[in-house]
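Every chain is numbered from 1 and lettered A, B, ... according to where its sequence line falls, protein lines coming before strand lines.
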Number of protein chains: 2
Amino acid sequence: MAKKKADPADPKGSGYLANIAYDSVVFGFSGEKLKILLIKYHNTGLLALPGGFVGRNENLNDAVKRGLKERTGLDNIYLEQFYTFGDTARFKPEIMRTILKANGHIVNNDHWLLDRFISVSYYALINYTDVVPKPDALSDSCTWYDIDKLPALILDHTTIVAKALETLRANIDKKLVGMNLLPVKFTMKQLQNVYEAILGEKMRRTTFQRTMLGTGLLKRHEKHYSGKAHKAPYMYSFR
Amino acid sequence: MAKKKADPADPKGSGYLANIAYDSVVFGFSGEKLKILLIKYHNTGLLALPGGFVGRNENLNDAVKRGLKERTGLDNIYLEQFYTFGDTARFKPEIMRTILKANGHIVNNDHWLLDRFISVSYYALINYTDVVPKPDALSDSCTWYDIDKLPALILDHTTIVAKALETLRANIDKKLVGMNLLPVKFTMKQLQNVYEAILGEKMRRTTFQRTMLGTGLLKRHEKHYSGKAHKAPYMYSFR
DNA sequence: TAATTATTGTCTCAATTTGAGACAATAATA
DNA sequence: TATTATTGTCTCAAATTGAGACAATAATTA
């Protein structure tokens with residue numbers, strides 16, 4: 001079949017579903033701080049959550065996994081859908097136009113990318129240490145930012161991050177949060193640091209240790225000699 | 001401006017966003033049973049959740065409220081978005097075609113209604129007693145069904161109901177569930193019946209009463225004389 | 001080599017919450 | 001007037017949580 005030039009006003013030609021986008025809040029943990037991935041668009045300084053579109057023959061969840069794999073190189077990422085944002089107030093075609101223009105794309109007003117989008121949002125938990133973030137075609141960087149020192153983001157992305165964190169907090173006891181943010185083996189103190197970073201509050205050491213061991217989900221391994229002048233802690237992993 | 005015949009292959013002409021639908025799981029409580037609203041499509045016997053589409057200039061949440069108002073006559077319904085279903089497996093254009101045909105609409109293969117849809121799903125809690133369900137143009141009935149005696153539903157609607165119930169259970173302590181399913185004034189037993197219907201398990205009466213009163217959310221009113229041969233219970237309302 | 005320091009793992013005891021039932025009060029009926 | 005079914009409250013035991021004590025220990029320092 002001869003390749004025809006697609007009509008940029010018709011989303012079908014793009015291969016993507018119309019009016020639907022996804023955004024992902026990628027959490028990582030490092031240096032006792034909770035962080036998320038943000039991308040910066042070429043020549044604009046605009047910061048945003050990594051996101052994308054859904055192929056016409058692709059599962060929604062798979063589209064998000066695909067996007068994350070491109071950004072992090074990781075397969076089998078822990079993913080949780082938490083909310084779909086659909087207010088008309090998030091429709092600001094000038095922003096997308098600015099981004100496209102800064103990348104050398106001049107588009108008509110009826111281009112499908114300038115139409116209104118509803119964003120299905122996910123959060124991901126990944127092991128910070130085995131990721132080298134990669135930007136995509138439109139962005140010149142993909143970098144970690146401290147969750148409590150976030151810069152201004154485009155559209156409603158600040159709201160999206162807030163809701164992601166709220167959901168993560170609500171889920172911290174139900175889902176195995178620590179398992180996904182830490183290396184396979186970790187100390188009890190590291191695990192507690194993760195909990196404290198997510199909840200934004202200090203926890204009592206002895207109670208934390210008791211309840212964690214009480215779940216029966218942890219497996220104890222050899223001790224870890226850090227070289228510091230104190231008793232060496234055990235390493236643990238999730239069963 | 002002269003009215004032009006809209007191209008049915010172009011969703012923009014319809015006034016709705018493409019590829020996006022919503023479905024709502026409307027919970028009501030009656031006779032110690034939890035129930036949901038289902039619609040039946042004309043001449044097909046097909047049962048489905050009440051749903052609809054999002055206007056191009058309409059907030060997603062407002063679209064759902066609008067749909068519910070049409071079905072129940074109620075404003076200010078308690079609504080909670082819980083998941084967005086986006087698998088390709090839910091794309092079955094023959095079903096929509098069957099429904100349209102049974103209503104006398106013959107449509108082309110490229111009609112926007114036959115395209116793939118992602119469903120943003122909500123659950124609603126309403127006071128059963130002040131609702132008279134109304135069907136819409138495509139459906140011939142809108143009726144209550146027992147949550148544990150559900151008939152087969154189209155597409156993935158059974159999965160959607162299951163996830164709605166799961167979320168409702170998870171939220172039962174965080175959100176004021178009883179408030180929205182009961183009349184303004186109710187007895188402690190009625191409230192317990194709601195909890196038991198949602199959780200699907202019996203609860204201990206004295207413990208339930210203690211914890212409910214302990215929240216400080218209930219206001220006690222006059223007694224209610226049912227005519228039965230036993231002590232009359234107090235009525236309560238949420239503050 | 002022996003004190004010192006900074007943790008870590010475990011234990012204890014009090015405080016709080018939850019489970020399970022006892023019991024008196026009471027609205028209609030027999 | 002006794003009976004029945006249910007309600008509101010109270011009690012006591014069991015389980016969980018809060019708060020801290022204390023010994024163990026890996027390096028450092030005296």
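Contacts between chain A and DNA chain C, taken as any atom within less than 4.0 angstrom of a protein heavy atom, begin and end at C:dT5 to C:dT12.
Remark: the backbone N or O of A:T206 is not paired with any side-chain donor or acceptor of A:Q209 at under 3.5 angstrom. Put simply, the side chain of B:S237 never gets that close to the backbone of B:V184: no donor and acceptor are under 3.5 Å apart. Proximity of a side-chain donor or acceptor of B:E70 to a complementary backbone N or O of B:D136 within less than 3.5 Å is not detected. A:T72 places a side-chain N or O within 3.5 Å of a backbone atom of A:L68 that can act as its donor or acceptor partner.
Within a heavy-atom distance below 4.0 Å of DNA chain C, the residues of residues 226-239 of chain A found are A:A229, A:H230, A:K231, A:P233, A:Y234. Within residues 192-207 of chain B, the residues that place at least one heavy atom under 4.0 Å from DNA chain D are, in residue-number order, B:R205, B:T206.
Map B:L213 and A:T211 each onto its nearest nucleotide of DNA chain D; the residue landing nearer the 5' end is B:L213.
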I'd like a table of donor-acceptor pairs (distance under 3.5 Å, sequence neighbours excluded) in which one partner is a side-chain atom from residues 119-132 of chain A, with atom names and distances.
unit_1: A:S119; atom_1: OG; unit_2: A:D23; atom_2: OD2; d: 2.7
unit_1: A:S119; atom_1: OG; unit_2: A:S121; atom_2: OG; d: 3.2
unit_1: A:Y122; atom_1: OH; unit_2: A:N61; atom_2: OD1; d: 2.5
unit_1: A:Y122; atom_1: OH; unit_2: A:Q81; atom_2: OE1; d: 3.4
unit_1: A:Y123; atom_1: OH; unit_2: A:N171; atom_2: ND2; d: 3.1
unit_1: A:N127; atom_1: OD1; unit_2: A:T129; atom_2: N; d: 3.2
unit_1: A:N127; atom_1: OD1; unit_2: A:T129; atom_2: OG1; d: 2.7

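Residue pairs meeting the ring pair (Phe, Tyr, Trp, His ring centres under 6.0 Å) criterion with at least one partner in residues 219-239 of chain B, sequence neighbours excluded, are B:F186-B:F238. Within the structure, salt bridge (Lys or Arg N to Asp or Glu O under 4.0 Å) pairs that include any residue of residues 188-216 of chain B comprise B:E196-B:K202 (at least two apart or interchain).
In this entry the distance linking NE2 of A:H224 with P of D:dA27 reads 10 Å, nearest Å.
In this entry C:dC23 has D:dG8 as its Watson-Crick or G-U wobble partner, both defining distances falling under 3.5 Å.
Note on ring orientation: taking the six-membered ring where Trp is involved, the planes of B:Y195 and B:F208 are perpendicular (angle over 60°, cut-offs 30° and 60°).
Across all their heavy atoms, A:L153 and A:A48 have their closest contact at CD2-N, 4.5 Å. Summarising the geometry of B:Y16 relative to B:G55, their closest heavy-atom pair is CD2-N, 3.7 Å, with the distance given to 0.1 Å.
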